[in-house]
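What follows is a set of notes on a single structure, which appears directly below.
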Amino acid sequence: MVKVCVIGSCAMDLVVTSTKRPHAGETVLGEHFSTVPGGKGANQAIAAARLGADVTMIGCIGKDIYGKAIIDNLISNNVNVTFVDSKSDVDSGTAHIILAEGDNSIIVVKGANDHVSPSLVEQAMDTIKSVDIVLVQQEIPEDTVSYVSDICHKFEVPLLLNPAPARFISKTIIENATYLTPNEHECAILFPEYTTSEALRKYPNKLFITEGSSGVRYYNGEQEILVPTYKVDAIDTTGAGDTFNAALAVALAEGNSIEASLKFANRAASLSVTKFGAQGGVPTRSEVEVNL
Ligand code: RIB
């Protein structure tokens, strides 16, 4: 069983479904409202655990009803929460999601996730040194992501950086990361000086650009490869990227080839969108393998 450490956000997703997305200044009548666990970090931790990894989460929640639900959910999915800090003076993170017209719109209120600090990460140093791979995203402060990249580089722990949501990243963080998984939009922000093809050639076997329903593109040192995704009837695409990243991390940590790992990750992500909620459709290991 590979060991994975996820450093990132925990949130409660407040989801409204509607047939129509409102324009600015417009009110529309929605259909359903649900609260379901989310946050890119927690989604990735739970996905990695369902896919068979031994997972430790480093994150922050508020001492509120959402915080309690978030931590209970992590525990019930076999995620080690020793380093999930419960803060008394801030609210848990929330994501305000509209599901309409076949896609989602999300506003994230970071809340406690803004308190995922380098000093919290430092408390988990022994764990980080002992894992097979670290996963980090960008719903936590940039100085924490920078610190994580430094220690992973120093202690030679593979680091998968999922640069979402998009923001500028220093060249040092990019160089320190073992794997980078932007979508096309994030890639353009990460590498404004390069075309997609140039960026891929600069980072062979490291940069994996997700292209939605087309698949994932990378450069293997000789040619660009597009690993196609699987066609499914999507119910809710929220969190598909998180399942993809978790599955990719698990498969790579297990020593699988890049192409096989991307295929596994695409399969896991495609299954994740067949149910409602960021974590609702996250598959188990056997559900992915039976469908590969
Ligand atoms: O990646 C999906 C996640 O992004 C949602 O669960 C929501 O919490 C937002 O942070």
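Just follow the structure's listing: the first ligand is 1, and inside any ligand the first atom is 1. Nothing fancy with the numbering, it's 1 onward along the sequence.
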More than 12 foreign heavy atoms under 6.0 Å from NZ of Lys3: is that the case here?
no
Is Lys263 salt-bridged to Glu289, going by a charged N under 4.0 Å from an acidic O?
no
Over 12 non-hydrogen atoms of neighbours within 6.0 angstrom of NZ in Lys110:
yes
ILVMFWY clustering at 4.5 Å (side-chain atoms), partners of Ile235
none
Present, as a list of atom pairs with distances to 0.1 Å, all nitrogen or oxygen contacts under 3.5 Å between ligand 1 and the protein.
residue: ligand 1; atom: 1 (O); partner: Lys40; partner atom: NZ; Å: 2.8
residue: ligand 1; atom: 1 (O); partner: Asp242; partner atom: OD2; Å: 2.7
residue: ligand 1; atom: 4 (O); partner: Lys40; partner atom: NZ; Å: 3.3
residue: ligand 1; atom: 6 (O); partner: Asp13; partner atom: OD1; Å: 3.4
residue: ligand 1; atom: 6 (O); partner: Asp13; partner atom: OD2; Å: 2.6
residue: ligand 1; atom: 6 (O); partner: Gly39; partner atom: N; Å: 3.2
residue: ligand 1; atom: 6 (O); partner: Asn43; partner atom: ND2; Å: 3.0
residue: ligand 1; atom: 8 (O); partner: Asp13; partner atom: OD1; Å: 2.6
residue: ligand 1; atom: 8 (O); partner: Gly39; partner atom: N; Å: 2.8
residue: ligand 1; atom: 10 (O); partner: Glu139; partner atom: OE1; Å: 3.2
residue: ligand 1; atom: 10 (O); partner: Glu139; partner atom: OE2; Å: 2.6

Is there any salt bridge (charged side-chain N to carboxylate O under 4.0 Å, His left out) pair reaching into residues 134-160, and which pairs are they, with sequence neighbours excluded?
none
List, one per line, each side-chain donor-acceptor pair under 3.5 Å for residues 26-36, sequence neighbours excluded.
residue: Glu26; atom: OE1; partner: Lys20; partner atom: NZ; Å: 3.1
residue: Glu26; atom: OE1; partner: His23; partner atom: N; Å: 2.8
residue: Glu26; atom: OE2; partner: Lys20; partner atom: NZ; Å: 3.1

